[in-house]
Structures are given as structure tokens and as C-alpha cells.
Amino acid sequence: MRDVIGQRALLERLGARAVRGDVAQAYGLFGARGLGKRTVALRLAQTMNCASGTAGGCGTCLSCRKVERGTHPDVRLITRATERKDITIEQIREMQVDLALRPLEGTRRVVIVDDASELNQHGQDALLKTLEEPPVHAVLLLVTTTPAALHETIRSRLQPLEFRLVATQEIADGLATRGVKDAALWAAASAGRPGLAVSLAGGDAQRQERERLDAELLRLVSSGLSDRFAWALDLNDLPDDLDHGRRRTAEIRRRLDAWSELLRDATVAARGDLVRPSRPDRESETRTLAASASADDWLEVSLLVQRFQRDLDFSANARMMLELFALKLPYSAAVKPS
Ligand SMILES: [Zn+2]
């Protein structure tokens, strides 16, 4: 499919069927971030509506362009608003009213929910009703990095599409055909995720942001307790109401997401079996970290970060979480922030 690197076997099968109109009523697009799940969801929507009947959509007909721009009346993308902590039940109800109507331009109405794990309890209950009795013209695409967060009753009604990590060479080839310089370098740094490779190669801003967060962690690791607590306090003091777009939560989440990979690599390296690092570009730093504390210590802080990632939206006590992290993060004098 156009603009998708990897997942070839899956997409060939899926694309060929979709062109013939052979589609399930509900799919679950599962896999890590940066594997192209949302892109594939859009390509499927285009395939079902494309004037030329091309697998993945031709990309140039009016219908394909409308899907791409988000203006196709039969294709709806539901995402969490940045100032909200989940996808609201109102978003689901509005979609359901719409979905009950016949398609306006094509033969199907397509709903993409990304990330479906951001549906709260009420949202999942409401969506389940649609999955139990979908209108004949409906196709639902539930995209998520964490299918385990979906109720079993929902998951059992989805045809699963599992997205896998992509071979470095395949990513490098994909980048090269897009005219990216240093394709092999970015492919290696992305650890199997084409989406990450594309954004690293394309965006200085994203790359700098990542380097800034990496440096922050490395600085923390080599800081004493009082500096660490000052760091926790600074983060905790950020405003966190809806008017401020829940800034504190967003800032903490960016750090947890960026750092979980480095901490995971340090844990595995401390155990002595770092074969496929999540962050090959930081392998020398994570090995240095690993050497400065036991595997158990790194595991403990990795699990702590995982728990914070899960609880952050529900936990009022960010300060306690941050201070616990400051306390549990192993100390290493050897690692120098770049
Ligand atoms: Zn088209």
C-alpha cells in the first residue's frame, strides 16, 4: 500500500480482499507505535471508496483525496482531543447517529478509532453496542498499541491485524525510495518502526526534542537527590487544568514515553543480554548505565515508569510519582549527557 513501509504479507492479503469488497465489519489494528497502523486504516478507507479500485487507494481521485484531508463524509476518524484524558462518550454517540445513515458517496461508512484504548468505560460500553449489531454498510477500524486495554467483549468481535517490527534493511530501502539521505542510519535508530524512522529523518525538531529528553534523563542519573527533587518539583508545578491543556500531564507523559525505552535497554543490558536494543543510537549510554547498578534496580525503575504511564491520567498525585521516580532512579557518575 502507498506510503507504508513493511507489513507486506498482511497488506497484500488485506488489500486484495478489500478491492473485491471482501471486508470484515470490524478490525483491530494492533502493534507498537510507529508501525503505520493509522496510515493503513486510512488506506483501507480509501480502498473501499476509491474510484479506480486500487488496493490502498490510488491517492489521486477525488474520493481518495477527501479521505486524506479528513473531509470524506463517509469516513470518520475519532481521536482523543489533546485537552481531554480520554475519548468521550459524546464522540461515540455522535458517530453512532451518523453510522446508522446510508453512506453518502460510497458503499460503506468507515469509522477509525485511534487510539481505541483511550475509550473510557462508558465509551467502550457504547461502542460494544455498535459492534454487536453493526449496520450492514459499517466498517470499524480500532487502532491501538495496547489491545489488552480493550474489553474482551470488544476484542472478540474484531478481526485482528497484528503489525510487527520491520527489518532495518526494509526500512532503509523504504526511506531511500523517498529520497532520504543517511537512510541506513535513521533506519537503525528507529529499531523496527518505520514511522519513527521517517520522523527522525524528516524532522529536526523531533530529533532535537528526543535528544533533549535523553539528555535530561542522563543528567538526572548523574545528579544527587536534592537536584532530583528540585526537578520533580519543577515538573509538578506546571499547570494541569483544561485551560492549560493539562500541561503537566503531557510533559510527564513525554518523558515517561521517551525514557521507558532507555530504561528497558539498561535493564536488559544489566542482565547481560542486550541483543536488540530499542534505542540502538544510545546503546553506549545504556550500557554505561547498566554497569552502574544491578539488573534488579533497573528493572524496578522500569516497572515504576510503566506503572506511571498507566496511572498518570488517573492519578492526582503527580508529585509523589515524580519523587518516587527521583528516589528509585539508580545513580551513575560515569554517564555524561551529550
Ligand atoms: Zn482513489
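Numbers here simply count residues along the sequence, with the first being 1. Only this structure's heavy atoms are used, side chains among them; waters, hydrogens and symmetry mates stay out. First listed ligand is number 1; within each ligand, the first listed atom is number 1.
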Visitor: Counting only heavy atoms not in R108, do more than 12 fall under 6.0 Å of its CZ?
Guide: yes

Visitor: Within the supplied structure, the quantity of interest is the number of heavy atoms (other residues, nucleotides, ligands) at a distance under 6.0 Å from R276 CZ; does it exceed 12?
Guide: no

Visitor: Tell me if the CZ atom of R2 is crowded by more than 12 foreign heavy atoms within 6.0 Å.
Guide: yes

Visitor: Using 2.8 Å as the cut-off, note every protein N, O or S atom close to the Zn ion (ligand 1).
Guide: C50 SG, C58 SG, C61 SG, C64 SG

Visitor: Can you pull the side chain to side chain donor-acceptor pair (under 3.5 Å) pairs that have at least one residue in residues 9-31, sequence neighbours excluded?
Guide: none

Visitor: Would you compute the distance between atom CG of L327 and atom CZ of F229 and round it to the nearest 0.5 angstrom?
Guide: 5.0 Å

Visitor: Are P330 and V301 side-chain neighbours, meaning at least one heavy-atom pair lies under 4.5 Å?
Guide: yes

